[in-house]
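Working notes, structure below.
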Amino acid sequence: MIVLVNVIGLGYIGLPTALMLASHGIEVVGTDYNDALVKTLQSGKVTFEEKGLDELFSNALSKGIKFSTEYQKTNTYIVSVPTPYDKFSKKIDPVYVINAVTTVLEYCEDDSIIVIESTVSPGTINKYIRPVIESRCASDKKTIHIVHAPERIIPGNMIYELYNNNRTIGADDKKIGEKIKKLYSSFCKGEIVVTDIRTAEMTKVVENTFRAVNIAFANELAKICRYDDMDVYEIIKICNMHPRVSILQPGPGVGGHCISVDPWFLVGDYPGLAKVIDESMKTNDGMPDFVLNRIYEIAHEKNIEIDRIGLYGLTYKENVDDCRESPTLQMLESQKRHLAYPLKVYDPYVTKDITENQFHDFDLFLKSIDFVVVMVKHDQIRNSYDLIKDKVVLDCHNIFDNENVHHI
Ligand code: SAJ
């Protein structure tokens, strides 16, 4: 029987998952080694902005959720720590998962289940996690079960998706898989499929790769259409009227910790085989530079000085405060490498200074520029066309169809 669930890693995935379980009557302790983060949560404040998160947090607090820097002695753990990738080899770096599992092994009871929610590349659990568990089990004479339950929620709509998305549970033993399925069913209304661990690992990476490849296709079309003066948005709109065509939207690049990262695991592990994926990732990674060229062309044509150009948006997508792998940061980084004066930048969701020339006041930002580049389609800018209509506008998301607005 599950007595207490110890969620390890209270980031974008771990925190909402812990809160969701606690709100649905499960006894939960959330553990993170970041003391400041744990203190913030203990003081009753959430650590990032997300629709519905505050409410879920109060609910979980009223049901007794606790936060700690200590691992707990129990029989069920959910590990949701980051899995970065090595930029050079493109392979996953499982060090955080290995460390978390190693520490769990010091605390867990016999017959415990360790659920890994972190995204891992196919084979990671067998190669790196299983040996750690098996050697410890042999010396302690314990039985420990591994389960992989990759998360699928999208920032900006996390709470709704936690409730409603279908899920995958990978386990060696179906009975253990069913036990964890029951745990997630305490809040999840979607279908939960129980399969084996390698399949669960692969499905997660494939889902994000599917999206990366399809975004790359839209980005490539944008480049072709720009080269030969065609309207990519009109073309995509018409093509999508075909019953079996559904093209995504081009943009200034792909950010976030998932779609811009996970497909590289397949390229790293199967370099000779994952060719479409490799090219797609390069296409997406090249978009910030493509937009930078576009900015240069337009500024040159309109005679605008570099210090009168401003980038609107620093996050990796609209209406969230998450800047991981953001196209704007990639673009600023590329500018820096070319020793160029950094462009002005403003984002209503980013209140801390994370880059040079960053504004925190929308009006002041607008007053200081003549050319605005819409990098992120936050609701604020969608509703502010009147404020920018007299400026030169490069709209990287096709949110304005006004005649004098430029597109990528
Ligand atoms: N983007 C485009 N064109 C599009 C759609 C998106 O350029 O047509 C860009 C966005 O602007 C953004 C990036 O792609 O920079 C990724 O954004 P997203 O909203 O598509 O996805 P993420 O990274 O926030 O979340 C994804 C989701 N995966 C899939 O949709 C297959 C989510 O379900 C996963 O939980 C998450 O990755 C994850 O953690 O793996």
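Atoms within each ligand, like the ligands themselves, are counted from 1 in listed order. Quantities reported herein were computed from a predicted structural model and do not represent experimental measurements.
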Test: Glu178 and Lys175 ion pair at under 4.0 Å: no
Using a strict cut-off of less than 4.0 Å between a Lys/Arg side-chain nitrogen and an Asp/Glu carboxylate oxygen, indicate whether Asp278 and Lys282 qualify as a salt bridge. yes
With a 6.0 Å cut-off on the ring centroids, do His24 and Tyr163 count as close? yes
Tell me which protein heavy atom sits closest to atom 11 (O) of ligand 1, plus the residue, atom name and distance to 0.1 Å. Tyr316 O, 3.8 Å
Under 4.0 Å to a heavy atom of Glu207 - the qualifying atoms of ligand 1, by number: 31 (C)
Just go through Arg211, Arg152, Met375 and tell me whose heavy atom is the nearest to atom 35 (O) of ligand 1. Arg152
Charged N to carboxylate O below 4.0 Å: is that the case for Arg167 and Glu151? no
Neighbour count >12 (heavy atoms, 6.0 Å) for atom OH, Tyr349: yes
Is it true that Arg130 and Asp172 make a salt bridge, defined as a side-chain N closer than 4.0 Å to a carboxylate O? yes
Is the contact between Ile153 and ligand 1 made by the side chain, the backbone, both, or neither, using heavy atoms and a 4.0 Å cut-off? backbone
For atom 31 (C) of ligand 1, find the nearest protein heavy atom and state the residue, atom name and distance (0.1 Å precision). Asn208 OD1, 3.2 Å
Taking NZ, NE, NH1 and NH2 as the nitrogens, is one of them in Asp269 or Lys91 under 4.0 Å from a carboxylate oxygen of the other? yes
Answer with side chain, backbone, both or neither: which part of Ile215 has a heavy atom less than 4.0 angstrom from an atom of ligand 1? side chain
Atom OH of Tyr96: over 12 foreign heavy atoms under 6.0 Å: no
One finds that the ligand 1 atoms under 4.0 Å from a non-hydrogen atom of Pro155 are 24 (O)
Which residue and non-hydrogen atom of the protein lie closest to atom 21 (O) of ligand 1, and at what distance in Å? Ile259 CD1, 3.3 Å
To the nearest 0.1 Å, how far is atom 4 (C) of ligand 1 from its closest protein heavy atom, and which atom is that? Gln249 O, 3.5 Å
Sub-4.0 Å heavy-atom approach of Cys258 to ligand 1: yes
Which is it for Lys204 and ligand 1 at heavy atoms under 4.0 Å: side chain, backbone, both or neither? side chain
Output yes when Arg198 and Asp196 qualify as a salt bridge under the 4.0 Å nitrogen-oxygen rule, no when they do not. no
What part of Lys317, side chain, backbone, both or neither, has a heavy atom within less than 4.0 angstrom of ligand 1? side chain
Atom 13 (C) of ligand 1 [closest protein heavy-atom partner, distance rounded to 0.1 Å]: Val254 CG1, 3.6 Å
